[in-house]
Structures are given as C-alpha cells and as structure tokens.
Amino acid sequence: MIRVLLADDEELVRVAVAALLGLEPDIEVVAHAPDGPTAVTATLAHRPDVAVVDLEMPGLDGIAVAAELSRVRPECAVVVLTGHGRPGHLRQALTAGARGFLPKGSPGGALADVIRRVHTGGRYVDPSLAADALTLPACPLTPRELETLRLAEFGAPVAVIARRVHLSTGTVRNHLSAAVQKLGATDRAQAVRVARDNGWL
C-alpha cells in the first residue's frame, strides 16, 4: 500500500480527495492536515510515502512544505496540487523538492496515477504548465534589485531594508524604483506579485 498524507485548508476538498483515493486498491490515506505546519508534523508522525499538499495553505504554503519535507523526510515524495497554478509556481515547487505538480481540475484518476509515479521515483508535471514554464522570460532584475524587492515584500521600510543589505536608503529606493519600472508595475506590491508569479522571487 502507498501511504498518503493530504494537506489542504479546505476540509471539503480533503474529504473529497480522500474518498476518491479510497477507491484505489493500492493507496491508503493515513493522515489529513489543514495547514502547512500541521502537514510537516503529521508527515513526521505518520511517515507517509507521499504527501499531497495544496499550493496555498496557512502557515506554510505547499512550496514551503515541500522544501521542509525535503530536508526532514526526503524519502516522502511531495505532490503539489493547485487551483490556479502559474509557471513560476511550478519552477519554485520543483526547486523546493516537489516531485509532482498537478492542477486541481485534472481528471479524477490523474492524482492516483501521479501518486504511483512519484512513489516509484518518477516525476509528474502538468504538460500545459510545463510548456508555459519553458517560455517564461528571463528575470530582468539584477541580484540587488531582487534582494531589495524580496525584503520589501512584507512592507519593510526603506531604512530597514537599507540596514539589512548594507546600502544607503537612496540606493535602496533606486533599486526598488528600477524593479517597479522594469516589471511594468505601478508600485512595489505589484512588482512583488509579478516577480513571484514568474518564479523570480
């Protein structure tokens, strides 16, 4: 039997996916988790072979869960499910150690097939997302612009960012302004969204 953990903040989705997988003769759902931190804790406690995690969850998102499980329990394969996956998310998930990336709108039996594939050491990426990821443009930002934009993501003041990166406040403002302009954004928040959607942050 392939032991599976399901992590999704929507209980209805977890229950429905568990019922679907319960029809498979070789798959057993051994644990549920409503958020990222619980998914990590439950994986350590129940030792599933495969963790199926939602991309967007409280505490830790699916990409962060994949990265943490790669570190603390690398033998557990991670499949990230997403309702609205973007090519940048795919790149981030694979970099974090996920072995599968699947839209929630996939056919009913697809998840079971992906679970079997990753359990035997394979990988699965949704073909349309993979094609989109291959055509993503290169990041137009310099490493310093990316660094300052990453620190600005959570609303840190320019003075705080300047201290963290050992630059003057004027230089930090210039980097942030350049990032906003290069990404065609109207403000820092939109620049962060564009960079994250493209997998640059």
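Note that these values count all heavy atoms, side chains included, but never hydrogens, waters or copies made by symmetry.
For the pair Pro34 and Met57, the minimum side-chain heavy-atom distance is 4.5 Å or more. No side-chain heavy atom of Phe101 sits less than 4.5 Å from a side-chain heavy atom of Asp126. A heavy-atom distance below 4.5 Å is found between the side chains of Arg123 and Leu94. Between Arg73 and Arg47 the shortest side-chain heavy-atom distance falls below 4.5 Å. Looking only at side-chain heavy atoms (C-beta outward), Arg14 and Asp54 stay at 4.5 Å or farther from each other. Here the side chains of Pro143 and Leu146 are not in contact, with every heavy-atom distance at 4.5 Å or above. Leu21 is listed as a side-chain neighbour of Ile115, based on a closest heavy-atom distance under 4.5 Å. Taking 4.5 Å as the limit, some side-chain heavy atom of Leu176 sits within range of a side-chain heavy atom of Val172.
Between the side chain of Ser106 and the backbone N or O of Leu102 there is no donor-acceptor pair closer than 3.5 Å. No donor-acceptor pair under 3.5 Å is formed between the side chain of Ser177 and the backbone N or O of Arg173. With hydrogens and angles ignored, the 3.5 Å screen pairs a side-chain donor or acceptor of Asp35 with a backbone N or O of Thr38. With hydrogens and angles ignored, the 3.5 Å screen pairs no side-chain donor or acceptor of Arg117 with any backbone N or O of Tyr124. In this structure, Thr148 contributes its side chain and Arg144 its backbone to a donor-acceptor pair below 3.5 Å.
Rounding to the nearest 0.5 Å places SG of Cys76 at 11.5 Å from CZ of Arg99. In this structure, OG1 on Thr120 lies 11.5 Å from CG on Asp49, to the nearest 0.5 angstrom. For the atom pair Met1 CE and Ile27 CD1, the distance stands at 8.0 Å (nearest 0.5 Å).
With sequence neighbours left out, Glu68 forms a side-chain contact (heavy atoms from CB on, under 4.5 Å) with Val40, Arg71, Val72. Under the rule for a side-chain contact (heavy atoms from CB on, under 4.5 Å), the partners of Ala189 that lie at least two apart in sequence or sit in another chain are Asp187, Arg193. Not counting sequence neighbours, the partners of Ala178 by the side-chain contact (heavy atoms from CB on, under 4.5 Å) test are Glu145. For Val30, the side-chain contact (heavy atoms from CB on, under 4.5 Å) criterion is met by Arg3, Glu28, His46, Pro48, not counting sequence neighbours. Looking at residues two or more places apart in sequence or on another chain, you find no salt bridge (Lys or Arg N to Asp or Glu O under 4.0 Å) involving Arg164.
Leu111 and Val15 fall into different hydrophobic clusters, defined by Ile, Leu, Val, Met, Phe, Trp and Tyr side-chain heavy atoms under 4.5 Å apart, directly or through other members. With hydrophobic clusters built from ILVMFWY side chains whose heavy atoms lie under 4.5 angstrom apart, Leu20 does not share a cluster with Ile2. Cluster annotation: Val180 is not connected to Leu149 through the hydrophobic network of ILVMFWY side chains, with a link wherever side-chain heavy atoms come within less than 4.5 Å. In this structure, Leu81 is a member of the same hydrophobic cluster as Val114, with clusters built from ILVMFWY side-chain heavy atoms closer than 4.5 Å. Cluster annotation: Val118 is connected to Val52 through the hydrophobic network of ILVMFWY side chains, with a link wherever side-chain heavy atoms come within less than 4.5 Å.
Of all non-hydrogen atoms in Ser70 and Ala96, the two that sit nearest each other are OG-O, 3.1 Å. When all heavy atoms of Leu141 and Ala179 are compared, the pair lying nearest together is CD2-CA, 3.6 Å. Contact detail for Ala191 and Ala185: the closest heavy-atom pair is N-CB, 3.5 Å. Heavy atoms only, all atoms of each residue included: Val65 and Ala39 are closest at CG1-CB, 4.3 Å. Shortest non-hydrogen contact noted between Ile161 and Ala156 is CD1-O, 3.6 Å.
By the 6.0 Å contact criterion, CD on Gln181 is open, its count of non-hydrogen atoms from other residues, nucleotides or ligands being 12 or less.
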May I have the list of side-chain donor-acceptor pairs in residues 4-11 shorter than 3.5 Å, sequence neighbours left out?
{"residue": "Asp8", "atom": "OD1", "partner": "Glu10", "partner atom": "N", "Å": "2.8"}
{"residue": "Asp8", "atom": "OD2", "partner": "Lys104", "partner atom": "NZ", "Å": "3.0"}

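For the 3.5 Å distance criterion, the side chains of Thr171 and Ser168 qualify, holding a donor opposite an acceptor.
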Between Val125 and Leu90, is a side-chain contact (heavy atoms from CB on, under 4.5 Å) present by the stated rule, with each step listed? CA-CA 8 Å; Val125 173; Leu90 168 60; 3.5 Å; yes

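Taking 4.0 Å as the cut-off between side-chain N and carboxylate O, Arg188 and Glu153 do not count as a salt-bridged pair.
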